[in-house]
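The block underneath contains the structure these notes are about, expressed in structure tokens.
Keep in mind it's a predicted model, so treat the numbers as computed, not measured. Note that ligands are numbered from 1 as they come in the structure, with each ligand's atoms numbered from 1 the same way.
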Amino acid sequence: MHLIITNGYEEMSEVGALIFLETLLKKPNSRLGLATGSTPLGLYKKLTEYYKSGFVSFKNAESINLDEYVGLPEGHSQSYRLFMKENLFSKVDIDLKNTYFPDANANDLDKSSKEYSEFLKKKPQDIQLLGLGNNGHIGFNEPGTPFDSVTHKVALTKSTIMANARFFSSEKEVPSEAVTMGIMDIFRAEKIVLLASGVGKANAVKELVNDEPDTKCPASALKYHRDLTVILDTAAASLL
Ligand code: F6R
């Protein structure tokens, strides 16, 4: 594991964005595993700046998102597809045809989840971006998820619903289910970049960095991945 402790959110975002930049420059048709939430916003902003300055193009890249809420109508303001459009896709030259999400509105979620996982297995992500839940989740793989899990439907835990309520007008509007890449789907990525910012993440970071892998901290499954970079700000690193 490469552990990088930065001075703050800005620097964390910049270091993460530079790793994505390097990947795209080396391989313009990279398959980029992407995440939503507050943490990656600064990284997406930096990538947009690199694109606008002419350093990089996303024209030949593909994106694969980690997860999507079940039951939100297409175009809902909190759907992860819309989040990605607003924060990255509409600002760079990625072809929307090459942007993929779990189909969380499929009639048969087991079948569509299996297809997403097979799609990833055939051609794993060149790089996977991750945020970290306060409880150690990655994607929506909550504590207790087996490390060999593949894409599946999940019931969100109370703590995740509470943490995500800030994006909705009230807690009861947060969907109770989502479809997420499994831990194994994430682990297959060539390179993984996990970002964590703020003191709320400090305990999960401690479990990931200091403890042996255990399903009580899903992120800890990645500890011995061959190319994992964990980029923190000082608050997230405060219990190390
Ligand atoms: C988002 C995702 C989640 C978030 C995590 C942290 O696609 O899969 O695992 O990365 O909940 O969220 P923030 O960044 O909002 O603290």
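Note: Y50 and F55 have tilted aromatic rings, judged against thresholds of 30 and 60 degrees for the angle between ring planes.
Here the CD atom belonging to Q125 is positioned 13.5 Å from the NZ atom belonging to K191, to the nearest 0.5 angstrom.
Inspection of the S197 and D233 side chains reveals an N or O donor paired with an N or O acceptor under 3.5 Å.
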Start with the C-alpha distance between S220 and D214, add both sets of side-chain angles, then the distance that settles side chain to side chain donor-acceptor pair (under 3.5 Å), and finish with yes or no.
CA-CA 6 Å; S220 68; D214 189 298; over 6 Å; no
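Of the protein's heavy atoms, G139 O, 3.6 Å lies nearest to atom 3 (C) of ligand 1. Given atom 14 (O) of ligand 1, the protein heavy atom at minimum distance is T39 OG1, 2.4 Å. Looking from atom 11 (O) of ligand 1 to the surrounding protein, the closest heavy atom is H137 NE2, 2.7 Å. Atom 16 (O) of ligand 1 has K201 NZ, 2.7 Å as its closest protein atom, hydrogens excluded (heavy atom only). When only non-hydrogen protein atoms are considered, atom 6 (C) of ligand 1 lies nearest to L132 O, 3.4 Å. Closest to atom 1 (C) of ligand 1 among all protein heavy atoms lies T36 OG1, 3.2 Å.
Taking the ring centroids of F167 and Y69, they lie at or beyond the 6.0 Å cut-off. Y80 and F101 have their aromatic ring centers separated by at least 6.0 angstrom.
Between E171 and K158, at least one side-chain N (NZ, or NE/NH1/NH2) sits under 4.0 Å from a carboxylate O, which counts as a salt bridge.
Below 4.0 Å from some heavy atom of G37 lie the following atoms of ligand 1, by number and element: 14 (O), 15 (O).
The shortest heavy-atom distance from R166 to ligand 1 is under 4.0 Å.
Below 3.5 Å of separation, one finds no N or O of A35 facing any N or O of ligand 1. At least one N or O atom of D67, backbone or side chain, sits closer than 3.5 Å to an N or O atom of ligand 1.
Side-chain contact between V199 and S238 is present, with heavy atoms from C-beta onward closer than 4.5 Å. Using a 4.5 Å heavy-atom cutoff, the side chains of D227 and T229 are in contact.
At a heavy-atom cutoff of 4.0 Å, ligand 1 is contacted by no atom of N65, backbone or side chain. With a 4.0 Å heavy-atom cut-off, ligand 1 is reached by the side chain of L66 but not by its N, CA, C or O.
Ranked by closest heavy atom to atom 10 (O) of ligand 1, the top entry among G131, A163, G198, A219 is G131.
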